[in-house]
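For reference, the structure discussed in these notes is given below.
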Amino acid sequence: MSLKLYNTMTRQKEEFQPRENGKVAMYVCGPTTYNYFHAGNARMFVVFDMIRRYFTYKGYDVRYVQNFTDVDDKIIQRGHVEGMDPLALGQKYIEEYFKDAKALNLLPATIHPKATEHIPEMIKIIQGLIDTGLGYAVDGDVYFAVDQFPNYGKLSGRTLEDMKAGARVEVDERKRHPMDFALWKKAKPGEPAWESPWGEGRPGWHIECTAMSLKYLGAGFDIHGGGEDLAFPHHENEIAQTEGYLKGNTFARYWMHNAFLTINQEKMSKSLGNFFTIRELLVNSPGEVIRFYLLGTHYRSPLDFNDQNLIMAQKGLERLQTSVRLAQEAMKREGSSKKEGSHEELLKAAKEARKAFEKAMDDDFNSALAYAALFELAKTMNANVQEDPVPSHGLAEAQKTLLELGDVLGFDLLHPAQIQVENDEILTEVMDAVMQIRSKSRQKKDWEMADFIRDVLKEKGIVIEDTPQGARWQIKK
RNA sequence: GGCGGCAUAGCCAAGUGGUAAGGCAGAGGUCUGCAAAACCUCUAUUCCUCAGUUCAAAUCUGAGUGCCGCCUCCA
């Protein structure tokens, strides 16, 4: 039952050993809130949400911290463009984040700290770095001296020499080393600013994660995650400043990075402008479909985004939802099968699905492989659901397992829309009447009328299906 | 220039030494007044190319080709 995960730091899969028995402390880099988040960001959120859920399933008490970068150059720039106070803009998109997160069924983090609420903690760390010679102030800016930190580059597997050779950026003359990065930025007039020992300014990008992760998780916490583009420079710099501040103690024990979402094989990014926000995608696709699509590929493989893939995901998810629906309908029917064989087959299938599911997820969270376990179970359920009488006992267990495992991946296979319909008394009564009328037509072999009713309702998004046990209907958008 | 990743059926996608999961699409069949759903059967002698290691390779090694990412803000 051991769980293996790929650690970017060591470039191999390692057995997960928590810092503290039975507990997992993880920090995931959250969004910079200057816009709605896009599908690429969503992949990261969904992947780590899935990881978090699986740890919980395994019995760990998970403390999950995801920050909001609510002050930074892009927010200031965007605020300027929109004629809005940058800090207010940052808050606005924090609120919008939660709307989209809900649609994707992302669990709220244990703590969602904001950069702007942790300035004093950051100043303290920066001061500590200056005191030990790892940081230096120049004209109101403060930089981290990378050549004073022995293992700079250990996460991304490069050396200062490598980077010097490949430097593509104009070097700020005031820096002691070209790769030195900002811990504190002096404010220009009109920019959001906080008082500090070096004058008015704002924190550099990396320092917030150091301050907030140390505050809420403490040194040497278990997992630090993010998109693979964060490995360098963001996480590299976090390691340097944090372990420098901690006098060499380990910052985080496992580093996890998800691969990108691509569009036409190219990285989807705000910089390239080739992105879709989740808000836009939600107009045509339910959040659960987007989620199903995002987890259908292992998190460390690139995933190409297009409409066809989204449609395939929708069909796949519907298959699982249909299976649950069929099982529920079957169990409502009278009687229970005497045939032990069906019970046995279902119980065995449930057991094997769980086993295969766990095996897949234990191997570096292979959600794509875990899907196969769900589909196999659904297939066995479907094959037994038509039996009359119904093997209720085995079916109930199988359905329970399918729902539970689906939930671990963040899918509600009970199909919320359907539940809503069932709670709508008027709709249910009207539909009962319509179904009776159609049933009469069919008894009189008035196929024209029966088909007409079916066609009209289909246009309204209500699908009627005739079965040996009678007709049934469901909402399908 | 430095560092790293990927290449599996029409499409998506698992599989890292033992003889190709799963999904979507497609074909045939069962059921059905028809339709839908579901079920059954079929759909990669083969995993970018070439060479090598091995009893055995999609999996390991080397060379090559193609695509992508990081090195600058980026999930």
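Note that the structure is a prediction, hence the values are computed from the model and not measured. Here is how names work: the chains are called A, B, and so on, in the same order as the sequence lines, proteins then strands, and each is numbered from 1. Both backbone and side-chain heavy atoms feed into the values below; hydrogens, waters and symmetry mates do not.
Using a 4.0 Å heavy-atom distance criterion, A:Thr297 is classed as a sugar-phosphate-only contact. Among the heavy atoms of the strands, none lies under 4.0 Å from A:Ala42. Among the heavy atoms of the strands, none lies under 4.0 Å from A:His234. Heavy atoms of A:Lys267 sit under 4.0 angstrom from at least one base atom. Within 4.0 Å (heavy atoms only), A:Asn309 reaches sugar-phosphate atoms of the nucleic acid but no base atom. Contacts of A:Leu261 with the nucleic acid, taken as non-hydrogen atoms under 4.0 Å apart, include base atoms. Residue contacts shown for A:Leu230 are limited to sugar-phosphate atoms, with no base heavy atom under 4.0 Å away. If you check every strand for non-hydrogen atoms under 4.0 Å, A:Gly226 touches sugar and phosphate atoms only.
If you take CG of A:Leu369 and P of B:A21, they are 12 Å apart, rounded to a whole angstrom. We find that CZ of A:Arg158 is positioned 6 Å from C1' of B:C3, with the value rounded to whole Å. With rounding to whole Å, A:Phe260 atom CZ is found 14 Å from B:C6 atom P. In this structure, A:Leu294 places its CG atom 12 Å from P of B:A13, rounding to the nearest Å. A:Leu272 has its CG atom 13 Å from the C1' atom of B:A75, to the nearest Å. Counting to the nearest Å, the P atom of B:G2 and the CZ atom of A:Phe232 are 17 Å from each other. Nucleotide B:C73 holds its P atom 11 Å from the CZ atom of A:Phe181, rounded to whole Å. The nearest whole Å value for the distance from the CG atom in A:Leu374 to the C1' atom in B:A13 is 15 Å.
Interatomic distance, CG of A:Asp363 versus NZ of A:Lys4, reported as 7.5 Å (0.5 Å rounding).
Across all strands shown, B:C47 remains unpaired; no Watson-Crick or G-U wobble contact has both distances below 3.5 Å. For B:A56, there is no paired nucleotide, since no Watson-Crick or G-U wobble pair has both relevant distances below 3.5 Å. Pair assignment for B:G69 gives B:C3, based on Watson-Crick or G-U wobble hydrogen-bonding distances that are each under 3.5 Å.
A:Asp446 and A:Lys440 are not joined by a salt bridge, as no carboxylate oxygen comes within less than 4.0 angstrom of a charged side-chain nitrogen.
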As a quick check of understanding, evaluate salt bridge (Lys or Arg N to Asp or Glu O under 4.0 Å) for A:Asp147 and A:Arg176, giving each step before the final call. CA-CA 9 Å; A:Asp147 57 2; A:Arg176 293 180 190 167; over 6 Å; no

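Taking the six-membered ring for Trp and the full ring otherwise, A:Phe45 and A:Tyr97 have centroids separated by under 6.0 Å. Taking the ring centroids of A:Tyr27 and A:Phe48, they lie at or beyond the 6.0 Å cut-off.
A residue-by-residue look at A:Phe375 and A:Tyr6 shows that A:Tyr6 has its nearest nucleotide of RNA chain B further toward the 5' end. Comparing A:Asn264 and A:Ala259 by the nucleotide of RNA chain B whose heavy atom lies nearest to each, the residue mapping closer to the 5' end is A:Asn264.
A:Met381 has its side chain within reach of A:Leu402: a pair of non-hydrogen atoms, C-beta onward, lies under 4.5 Å apart.
Identified under the side chain to side chain donor-acceptor pair (under 3.5 Å) test for residues 35-48 of chain A, with sequence neighbours left out: A:His38-A:Asn41.
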Spell out protein contact along nucleotides 33-42 of chain B as letters: B when the base is contacted, S when just the sugar-phosphate is, - when no protein heavy atom is under 4.0 Å; keep the 5' to 3' order. BBBBSBSS--

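Relative to the side chain of A:Gln308, the nucleotides B:C11, B:A75, B:A21 differ in distance, and B:C11 lies closest.
Dense packing is recorded around CD of A:Glu15, with more than 12 heavy atoms of other residues, nucleotides or ligands lying under 6.0 Å away.
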